[in-house]
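In what follows, a structure is listed as structure tokens, so that the remarks can point back to it.
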Number of protein chains: 2
Amino acid sequence: MTDAVDPPKARRPNTRLEEVARAAGVSKSTVSRVINGEPYVSLKAREAVHQAITRLGYSPNQAARTLAGSRANCIALVVSEQGSRVLADPFFAGVLRGVHAELAGKRVQLVLMMSKEGDEQDLVNYLCGGHVDGVLVISLHGQDPLPRTLADAGLPTVVGGRPLGAGGVPYVDSDNFNGAMEAARYLSSLGRRRVATIAGPRDMAVGMDRLSGWKRGMSQARLPVDLVAYGDFTPESGAAAMEELLGREPELDAVFVAADIMALGALQTLHAHGKRVPEDVAVVGFDDLMIASTAVPPLTTIRQDVEQLGRTMTWRLMAELAGEENLPPFLLLPTSMVKRTSA
Amino acid sequence: MTDAVDPPKARRPNTRLEEVARAAGVSKSTVSRVINGEPYVSLKAREAVHQAITRLGYSPNQAARTLAGSRANCIALVVSEQGSRVLADPFFAGVLRGVHAELAGKRVQLVLMMSKEGDEQDLVNYLCGGHVDGVLVISLHGQDPLPRTLADAGLPTVVGGRPLGAGGVPYVDSDNFNGAMEAARYLSSLGRRRVATIAGPRDMAVGMDRLSGWKRGMSQARLPVDLVAYGDFTPESGAAAMEELLGREPELDAVFVAADIMALGALQTLHAHGKRVPEDVAVVGFDDLMIASTAVPPLTTIRQDVEQLGRTMTWRLMAELAGEENLPPFLLLPTSMVKRTSA
DNA sequence: CCAAAACCTGGGAGCGCTCCCAGAACGTCA
DNA sequence: TGACGTTCTGGGAGCGCTCCCAGGTTTTGG
């Protein structure tokens, strides 16, 4: 049923800048100025061009713009794949939504790249090759040298989540420290005295920051900080850590779990041990994923606004690209407590 | 501490094709041939070029290639934002991972676009403007005309999830029908006789296919198909639908929920009504999200391999771009049952 | 009233590559 | 030995745009 004509790809029949110029009765240069919002174009010319553009359905050829101009009108979002995939899913989707929301209206494309083992050099070559104007890095694991490398190469870069090994590279992060501190304080205000924590991995800033915040909150409440177990942001690790904690201190009456996803596992263990939540053990999570509200019992948690993280990263990058000066080297987004049933 | 020199962006100091040519002692044309894997290059020249490339860290300028050549070396992944965001998160991340995995090694960039209300025309203009070689569409809602439009414009397009309003556009989908049928059969094999279903929205193929499959499975087991309620892929809607079902038939002893995320809500309602799962009511979900295994009780569910979906879509698109003929118009990926505790 | 400044416009070089064409080098067969 | 392939190579036009420059047309101000 195919036409059987024209088997090879038909050549691009696209309207070009020149045709718009002809249709509007002006020169290519003027059309270019209008498109790029430059000054020094008469209202009359400007309107004629806009009309011609809509009439012809013209869409500028990005490749040509990039080649001729000095910028690519394109930023990259780089995701390190080696990080915990489990953490990545809702986090990543949220960030992406934020990035996209912030980019809306700007004529900037988003290209997505995931760094794999071994192809780091390719990635760096590509990114530094002038194909993108800037880079957003979601660094899920610890000492990733990528942000440093990119920044050193002079490519505007913003990292999502405090990078452990990239001093000086601008980043945006949730205020994990204060969020965790609030959790500890809240638990103490409830009258809980044997408060444990299930922390994230030691090689991730997010894990360490939440642990530090919890410790600070505990100290302020004059509570001991001995009950610490570690997980890796999976439900299984949360269950195991809870098991360990219960073994070390059967009388514990509260636990701050550094991620909702681990809290799910902890809840299971608690249930298996016949502990009632929150009567026997109060539980506070972190993140406020959708699953927090459907957990049994619904999870009290520290909410971080992941979409806002994406937005802020993008804003910071675009501001830098726009040449703004004295931008903050890092930005911390406030967290908020969401009280449900578990604590 | 900045250098205070060179405030504007430094001009691209990138190695160009010509430099590689000079370094390798050949012409631009030959380097180009090597890069594009064309025949008619002597082994000697080929090796010299490869050496020069690695030595100089050369990375071809995509913009120039696109402009000069006939293809963009770039495909787009388009996501409709109006779809249920809730459904989107893990689904989207999984698809993306698959797409990326399939693209690995190919020199093809992935640009991400989300369609918003009102900017459809812009989107179409852009996509059809020769900036991308093909499009992957994740169509989350029903009658989206986008795939049709793109396909009609001659742009190779593959849809993820059966599109409702785009007859003839190639698509890849999980075998929702057979998966749901298996769920119904399984429930019947357990001896359950009053089996309900919580279906997805009527305007989404995924919802309808799973409902059809359930009906077919029920009919084969000579069971009535009257207990149908609808949700919208949110936990809340699942809870409400379960409530409705229980109101209509307090004696129901099983329910097939067309999405794990809704099953979570259903489980809550069941719990609130004092129904034990699976003793009083058996529950089977669909998707096998990570949360299925941490639900209380752990959810028996129909697993769909979302990453494989992404891979297959990409494979299908790339095959078409490579000029392969007689490709299947659609592809269905098998599902599998994961037995846990809830049924 | 005339010079200077501000505004507006078109022409054209060139971004880095691909791809066509012409031609060189090396056969191979009548 | 020359005519014809086959394999390899370099030259150069041009992809569609931006941006610089030169020049024209207004407005401003002394």
Considering only [options], which nucleotide approaches the side chain of [X] most closely?
{"X": "B/Lys28", "options": "D/dA13, C/dC21, C/dT9", "answer": "D/dA13"}
{"X": "B/Ala45", "options": "D/dG10, D/dT9, C/dG10", "answer": "D/dT9"}
{"X": "A/Ser29", "options": "D/dT18, C/dG10, C/dC17", "answer": "C/dG10"}
{"X": "B/Tyr40", "options": "D/dT9, C/dC17, C/dG16", "answer": "D/dT9"}
{"X": "B/Thr30", "options": "D/dG10, D/dC17, D/dG16", "answer": "D/dG10"}
{"X": "B/Arg33", "options": "D/dT18, D/dG10, D/dC19", "answer": "D/dG10"}

Side chains of B/Leu146 and B/Thr157, heavy atoms from C-beta outward: is any pair under 4.5 Å?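 Of all side-chain heavy-atom pairs linking B/Thr157 with B/Leu146, none is under 4.5 Å.
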
Within the 4.5 Å heavy-atom criterion, are A/His100 and B/Val79 side-chain neighbours or not?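 Of all side-chain heavy-atom pairs linking B/Val79 with A/His100, none is under 4.5 Å.
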
Rounded to whole Å, please give me the gap between [atom1] in [X] and [atom2] in [N].
{"X": "A/Glu18", "N": "D/dG14", "atom1": "CD", "atom2": "C1'", "value": "13 Å"}
{"X": "A/Asn73", "N": "D/dT18", "atom1": "CG", "atom2": "C1'", "value": "11 Å"}
{"X": "B/Leu67", "N": "D/dT18", "atom1": "CG", "atom2": "P", "value": "12 Å"}
{"X": "B/Arg22", "N": "C/dC17", "atom1": "CZ", "atom2": "P", "value": "12 Å"}
{"X": "A/Glu19", "N": "D/dG16", "atom1": "CD", "atom2": "C1'", "value": "11 Å"}
{"X": "A/Leu43", "N": "D/dT25", "atom1": "CG", "atom2": "P", "value": "20 Å"}
{"X": "B/Leu17", "N": "C/dT18", "atom1": "CG", "atom2": "P", "value": "6 Å"}
{"X": "B/Arg71", "N": "D/dC15", "atom1": "CZ", "atom2": "C1'", "value": "13 Å"}

Would you tell me if any nitrogen or oxygen in the side chain of [X] comes within less than 4.0 Å of OP1 or OP2 on [N]?
{"X": "A/Ser32", "N": "D/dT18", "answer": "yes"}
{"X": "B/Asn61", "N": "C/dC15", "answer": "no"}
{"X": "B/Arg65", "N": "C/dC19", "answer": "no"}

Does [X] reach a base, just sugar-phosphate, or nothing at all? Heavy atoms under 4.0 Å.
{"X": "B/Pro39", "result": "nothing"}
{"X": "B/Ala63", "result": "nothing"}
{"X": "A/Ser42", "result": "sugar-phosphate"}

Determine the minimum heavy-atom distance between B/Arg316 and B/Pro329, stating which atoms define it.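 Reported closest heavy-atom pair: NH2-CA, 4.1 Å.
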
So which heavy atom on B/Val132 is nearest to which on B/Leu155, and how close?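 Of all heavy-atom pairs spanning B/Val132 and B/Leu155, the closest is O-CD1, 3.8 Å.
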
Does the distance from a Lys or Arg side-chain N to an Asp or Glu carboxylate O, for B/Glu19 and B/Arg16, drop under 4.0 Å?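 Salt bridge: yes.
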
